[in-house]
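Note on naming: letters A, B, ... go to the chains in the order of the sequence lines (proteins, then strands), and numbering restarts at 1 for each one. Since we're looking at a predicted model, the values are computed, not measured.
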Number of protein chains: 2
Amino acid sequence: MVNIKDIANKVGLSVSTVSKALNDYSDINSETKKKVREAAKQLDYLPNVMARSLITKTSNTIGVFFGDQINSGFDHPFFSQLICSIKNTIGLAGYDLLIFSNQKRDTSSFKSICYERGVDGVILILTGHRRTDDKILELHNSLPVVYIDSVPNSDYKNVCFVESDNEKAAYDATEHLIKLGHRKILKVAGDNIAKASFDRISGYKRALQEHNIPVNKQLIQYGNFSKDQSYKVVQSSIKNKIDFDAVFASSDLMAFGAIEALKNLNIKVPDDIAVVGFDDIDMAKLYQPALTTMHQQSYRMGEIASQILLENIKNKDDVVRNAKLPAKLVARDSSG
Amino acid sequence: MVNIKDIANKVGLSVSTVSKALNDYSDINSETKKKVREAAKQLDYLPNVMARSLITKTSNTIGVFFGDQINSGFDHPFFSQLICSIKNTIGLAGYDLLIFSNQKRDTSSFKSICYERGVDGVILILTGHRRTDDKILELHNSLPVVYIDSVPNSDYKNVCFVESDNEKAAYDATEHLIKLGHRKILKVAGDNIAKASFDRISGYKRALQEHNIPVNKQLIQYGNFSKDQSYKVVQSSIKNKIDFDAVFASSDLMAFGAIEALKNLNIKVPDDIAVVGFDDIDMAKLYQPALTTMHQQSYRMGEIASQILLENIKNKDDVVRNAKLPAKLVARDSSG
DNA sequence: CTGAAAGCGCTTACAG
DNA sequence: CTGAAAGCGCTTACAG
């Protein structure tokens with residue numbers, strides 16, 4: 001492959017001058033620049049980013065950690081939209097996207113992985129990630145970091161993150177059902193790990209309390225963000241004669257699982273039992289009955305997270321920027 | 001940051017010996033290796049991949065070009081499953097995934113982009129990509145390449161690719177409708193660019209011909225792989241009194257668009273008009289009526305493409321390996 | 001088994 | 001405005 005030295009030889013200049021000409025330094029004669037660029041073109045010169053990064057310590061690459069221990073995988077609509085918007089947003093700013101997929105390396109340290117790869121910043125999507133905080137925390141002091149839909153348990157006051165306002169959204173969803181006359185609302189929650197999952201339970205509880213409805217622990221079940229698990233949980237709730245007149249699931253997929261379970265037991269949705277989901281994936285509006293759900297601005301979340309990251313990379317500062325995006329109720333048929 | 005020299009100083013050995021010890025060269029004393037590794041650990045040493053790649057010319061990175069000029073974007077279920085399986089497959093082999101997202105660079109040469117980034121191989125997902133072949137072809141001689149769901153117009157005999165057997169699948173889908181008694185089948189095709197789109201038209205035509213049904217050009221319309229466009233095309237076909245008793249859409253989304261158009265015109269699916277889609281995205285089975293469609297093995301496609309690529313990287317050969325995956329008919333309610 | 005030296009392809013003070 | 005030199009952090013013949 002042609003390198004900078006070949007150009008230097010061809011035009012009869014030094015390597016340093018060629019480098020500066022190529023990088024448009026102001027102290028280089030414009031004639032010289034022209035000559036160098038032409039030679040570069042003729043020789044089909046391609047810069048070697050590795051060599052450059054080795055010196056400049058920047059790579060124009062954003063890394064993404066995706067923890068898919070959770071049931072909702074990389075190809076779940078919520079996450080694929082996130083990736084899609086990150087890709088587009090950082091792409092416009094001149095960055096490529098590195099997804100840390102290598103399973104063979106020692107994953108005990110996020111910091112070392114980032115350092116090895118020389119990424120300029122990292123986006124962490126660790127929803128439901130079982131990992132001791134300190135393996136992640138050391139990252140915070142070494143390079144710009146933004147979390148989406150997840151934050152570490154400790155130190156989260158000092159870290160950038162973007163998420164839906166899950167507590168408020170769950171409150172709104174629950175209140176929607178209460179206003180429709182329901183008082184025995186089965187909460188099909190996510191898991192025991194994800195912050196989003198906890199917040200959605202909190203919002204549910206607050207809505208009940210503010211409407212003077214006692215919280216019944218029996219009515220809080222875990223569907224593990226999985227359609228099948230939700231199906232089972234709802235089915236067994238019915239079989240165990242647990243009394244409820246509505247379901248609020250923490251994801252649309254779980255809402256579908258719930259509706260299927262009810263259908264198979266000849267219980268009509270929404271006539272007998274109303275159902276509300278969370279996410280508003282594409283399927284929600286096509287489903288029969290069309291699903292009432294909380295619309296998460298997933299594309300926008302990826303966009304904002306990327307912008308925060310790029311901002312912090314550019315300014316080399318540690319400004320803690322957060323964003324909590326409202327999730328809007330989309331009332332369709334499943335809640336009546 | 002700690003480098004190899006710091007370790008050398010600490011243990012009182014040369015840089016070369018430390019490097020070899022760290023890389024487990026066989027001609028290094030095992031005691032020495034132990035000592036070096038301990039020191040590396042104590043000092044929190046992290047290798048610099050940039051420096052290594054500069055010499056070894058390998059980066060353990062697979063690049064992915066995604067051409068999203070087409071309506072089905074990066075977050076379309078088919079493509080997100082592809083990415084998901086590529087990520088998992090190359091991850092197990094010790095590779096990271098670089099998605100070329102940078103919009104700021106000169107995109108006239110795929111080769112230069114790959115060279116700059118030093119990827120070890122490339123997966124091209126260029127469905128419906130408008131691009132003169134020669135900008136891509138120069139890639140073929142420079143590094144291992146695999147196409148998914150797309151091939152260049154020329155030189156495609158010499159290139160690795162993985163795709164569904166679209167012609168056969170379209171044949172089967174059409175035959176399914178013919179066997180149900182339909183003879184006036186409206187083909188809602190994709191676009192004028194994608195090979196997959198052409199092949200699905202070919203299969204449709206062949207099925208008609210082999211069943212002695214003349215091909216009616218009026219019955220071939222373009223939905224541009226978009227739900228909305230398909231809606232319009234079907235709506236105007238009805239309004240223009242084009243006579244058809246079934247629809248075969250080249251994607252599930254277009255099938256949904258077709259069904260919605262029919263529903264809004266009070267035409268019943270499948271009683272009045274049968275509809276068959278293509279892809280079998282998650283939504284297909286949840287849709288009402290559940291969609292009859294051709295199941296594409298998208299996850300498997302990404303897997304096979306990755307394996308071919310890794311194979312060619314390992315062997316440093318140019319063996320042309322291809323895979324055509326069968327797409328199976330999934331008969332549900334929309335075809336009756 | 002270990003080490004000195006060259007070099008991967010670039011950038012960046014510094015001198016002129 | 002241009003160039004010689006040092007160096008980024010590593011690997012790899014080669015000599016001993």
Side-chain angles (χ1 to χ4, degrees), chain A residues 1-37 39-40 43-61 105 111-120 142, chain B residues 1-37 39-40 43-61 105 111-120 142:
Chain A
M1 273 293 174
V2 176
N3 61 31
I4 222 171
K5 205 173 163 186
D6 298 321
I7 301 178
N9 286 149
K10 170 151 184 167
V11 296
L13 285 166
S14 74
V15 164
S16 1
T17 305
V18 170
S19 170
K20 283 183 196 158
L22 253 19
N23 289 307
D24 209 21
Y25 273 51
S26 58
D27 60 348
I28 299 289
N29 186 308
S30 57
E31 280 301 308
T32 308
K33 283 183 188 171
K34 211 169 160 186
K35 206 162 52 176
V36 169
R37 279 183 200 138
L43 293 174
D44 253 330
Y45 168 72
L46 305 171
N48 183 317
V49 170
M50 303 287 177
R52 180 183 293 154
S53 299
L54 190 55
I55 300 170
T56 61
K57 308 287 179 202
T58 76
S59 61
N60 284 303
T61 311
R105 79 180 125 221
K111 182 179 166 186
S112 77
I113 297 174
C114 290
Y115 178 74
E116 274 191 28
R117 284 289 170 181
V119 295
D120 297 338
S142 30
Chain B
M1 273 294 172
V2 177
N3 61 28
I4 222 172
K5 204 172 164 186
D6 298 322
I7 301 178
N9 285 149
K10 170 151 184 168
V11 296
L13 286 165
S14 75
V15 164
S16 359
T17 304
V18 170
S19 170
K20 284 183 196 159
L22 253 20
N23 289 307
D24 208 21
Y25 273 48
S26 57
D27 62 348
I28 299 288
N29 186 307
S30 58
E31 279 302 307
T32 308
K33 282 184 189 171
K34 210 168 158 186
K35 205 161 56 175
V36 169
R37 280 184 200 138
L43 293 173
D44 253 331
Y45 167 72
L46 305 170
N48 183 317
V49 171
M50 301 288 177
R52 179 183 294 155
S53 299
L54 190 56
I55 299 171
T56 62
K57 307 288 179 201
T58 77
S59 61
N60 285 303
T61 310
R105 78 181 127 219
K111 182 179 165 187
S112 76
I113 296 174
C114 290
Y115 178 75
E116 274 191 28
R117 282 291 171 179
V119 296
D120 297 338
S142 29

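For Asn29(A), the side chain to side chain contact (heavy atoms under 4.5 Å, CB included) test picks out Glu31(A), Thr32(A), with sequence neighbours left out. Under the side chain to side chain contact (heavy atoms under 4.5 Å, CB included) criterion, Ser19(B) pairs with Ile4(B), Asn23(B), sequence neighbours left out. In terms of the side-chain hydrogen bond (donor to acceptor under 3.5 Å, both in side chains) criterion, residue partners of Arg117(A) (sequence neighbours excluded) are, by chain and number, Thr61(B), Asp96(B).
In terms of modelled atom types and a separation under 3.5 Å, the side chain of Ser59(B) and the main chain of Gly118(B) share a donor-acceptor contact.
At the heavy-atom level, Lys57(B) lies under 4.0 Å from the strands shown only through sugar-phosphate atoms. Leu22(A) comes within 4.0 angstrom of nothing in the nucleic acid, heavy atoms only.
For the salt bridge (Lys or Arg N to Asp or Glu O under 4.0 Å) condition, the pairs that include at least one residue of residues 2-26 of chain B, sequence neighbours left out, are Asp24(B)-Lys33(B), Asp24(B)-Arg37(B).
Within residues 23-33 of chain A, the residues that place at least one heavy atom under 4.0 Å from DNA chain C are, in residue-number order, Asn23(A), Tyr25(A). Residues from residues 10-19 of chain B with heavy atoms under 4.0 angstrom of DNA chain D, sorted by number: Val15(B), Ser16(B), Ser19(B).
In the 5' to 3' direction, nucleotides of DNA chain C lying under 4.0 Å from heavy atoms of chain A begin and end at dG9(C) to dC14(C).
Atoms CD1 and CG, on Ile7(B) and Leu43(B) in that order, are 6.0 Å from each other to the nearest 0.5 Å.
With the 3.5 Å cutoff on both pairing distances, Watson-Crick and G-U pairs in DNA chain C assemble into runs of at least 3 at C:1-3 with D:14-16, C:5-12 with D:5-12, C:14-16 with D:1-3.
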